[in-house]
Amino acid sequence: MSPDPCPASGLIRPPAQRVAAEVNGRYYDICIGYDLLATAGLFCQELGWRGRCLVVTHPCLSHLYWPGLEQNLCRHDFSPQLVLVDEGEESKSLTTAGFLYEALYRTGADRHTPILALGGGVIGDLAGFVAATYQRGVPLAHFPTTLLAQVDSSIGGKTALNYHHLKNQIGLYYQPSLVLSDLGTLSSITARQIQSGMAEVVKYGMIASSDLFAYVESRAQLLLALQPEVLQHVVATCACIKAEIVAADERDKGQRRLLNFGHTVAHAAEAVSNFSLTHGEAVAIGMVVAARLACRLGMFSQEEASRLVVVLEKLGLPTVLPPFPAGEFMAAMQHDKKARNGKLSFVLPRRIGEAVVISEVSPETILQEISR
Ligand code: GLY
């Protein structure tokens, strides 16, 4: 599905959209629109859920959304229990997972007790991991509140924890039963977080849809201003693309690897910058490196590489890697989860809207490209 472009028209909010996701014969809805959290209880009830449920979020978000969410869940036959975890990557730990297992136990949760993950990527990864492992799996719904989570991490079932220096290396695939992307929640995140999510939007344009890319090119300012119709069109289009890719390849063996466009360099850039670059900023830089490498290999045109740089700049994203120690950068790339025998698979664009996975790229080749 590819929603038609909507003309910008003030602040009128469009009706919510639904994207049907399917993974190995299991179906779930991804709903994108405004004021969805206010009716979350109804969405959950429609899944046949009722009674106890655990809402996992962090204090700032609970302050904003818990009163309305609790009221609506209670109105639809739920006895919701709120569990707060600290904001930030540190919460993606075995310790915090243990804290959530305890909370589930104390609540009297059984294997039908749903976990509702209200937050960005950290909450989604953590709550997803706990849902996948408590009593070998309890139902899960994602209520993503960042752009990055709405267009990417809440869809497709990846869950993850960090373990000491191993970032995102502990995890499993576990599909949610529902994703509710309430676009109103994006008004409460920082401009930098919005820009960071935009890098993933551009990624979808680059790997799968020249129409999406052109749409973002021509409406970058409206998007950054969160113009409702433009924003909803873009989030729904990204959700469609991601759902289609995951339906074809849940376990990252084929097509799903395209979602890694820009990410090999990005993960290393995040690490060597000591996470002063956000994930999206690092992905923006990584996509430009990949595009330049593709140009050098004669696979991609300079004109299209320039369009990529220009759209990222319009979205306020960096396109050049800050100075870094080459040795550290190489080491960080070699630890990429997708590395095989020291060689990396690297996603390169062929044209805007189409990319391919190239196996066995040596980290030296990438480093050469970065150092040019
Ligand atoms: N975020 C990339 C993936 O879900 O595969």
Side-chain angles (χ1 to χ4, degrees), residues 19 21-24 26 28 30 32 89 92 117 119-129 131-132 140 142 144-162 167-176 179 181 193 196-209 212 234-271 277-287 290 335-340 344-349 355-357 359:
V19 173
E22 184 264 325
V23 183
N24 298 329
R26 269 199 61 225
Y28 65 92
I30 305 164
I32 303 111
E89 196 67 23
K92 275 172 55 173
V122 167
I123 294 283
D125 280 0
L126 168 71
F129 181 88
L140 170 69
H142 285 299
T145 59
T146 63
L147 183 59
L148 197 144
Q150 293 186 352
V151 298
D152 186 18
S153 62
S154 67
I155 304 165
K158 281 192 180 172
T159 75
L161 296 182
N162 304 325
K167 189 168 162 6
N168 281 338
Q169 307 237 348
I170 314 296
L172 59 168
Y173 295 91
Y174 191 69
Q175 300 299 332
V179 178
S181 289
Q193 280 177 299
S196 193
M198 292 299 170
E200 299 286 351
V201 170
V202 171
K203 177 190 80 178
Y204 287 113
M206 286 293 293
I207 63 170
S209 169
L212 172 65
V234 162
V235 175
T237 305
C238 293
C240 289
I241 295 171
K242 175 116 191 218
E244 255 175 49
I245 290 176
V246 174
D249 173 30
E250 184 194 21
R251 304 251 156 176
D252 243 337
K253 304 249 183 284
Q255 208 185 334
R256 188 165 185 167
R257 294 190 298 161
L258 294 175
L259 295 171
N260 210 32
F261 177 52
H263 282 60
T264 307
V265 167
H267 291 144
E270 280 178 279
L277 285 172
T278 65
H279 179 67
E281 289 164 351
V283 168
I285 295 166
M287 290 193 290
H335 283 117
D336 191 280
K337 281 201 294 302
K338 282 133 190 134
R340 245 187 167 177
L344 299 161
S345 55
F346 210 72
V347 182
L348 295 179
V356 283
V357 180
S359 320

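Order of listing sets the numbers, starting from 1, for every ligand and every atom in it.
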Asks: Would you check the N or O atoms of Asp252, main chain and side chain alike, for any that come under 3.5 Å of an N or O of ligand 1?
Replies: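 For ligand 1, there is no N or O atom that lies under 3.5 Å from one belonging to Asp252.
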Asks: Are Lys167 and Glu270 within salt-bridge range, i.e. N to O under 4.0 Å?
Replies: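 Between Glu270 and Lys167 there is no salt bridge, as every charged N stays at least 4.0 Å from the carboxylate O atoms.
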Asks: For Lys242, state whether at least one heavy atom is located under 4.0 Å from any atom of ligand 1.
Replies: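 Yes.
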Asks: Side chains of Val151 and Lys242: does their closest heavy-atom pair fall under 4.5 Å?
Replies: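 No. Closest side-chain heavy atoms not under 4.5 Å.
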Asks: Any nitrogen or oxygen of Asp152, main chain or side chain, under 3.5 Å from a nitrogen or oxygen of ligand 1?
Replies: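 For ligand 1, there is an N or O atom that lies under 3.5 Å from one belonging to Asp152.
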Asks: Which pair of heavy atoms, one from Val19 and one from Ala236, lies closest together, and at what distance?
Replies: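 So the two residues come closest at CG2-O, 4.0 Å.
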Asks: How close do Ala243 and Ala21 get, heavy atom to heavy atom, and via which atoms?
Replies: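 That closest heavy-atom pairing would be CB-CB, 4.1 Å.
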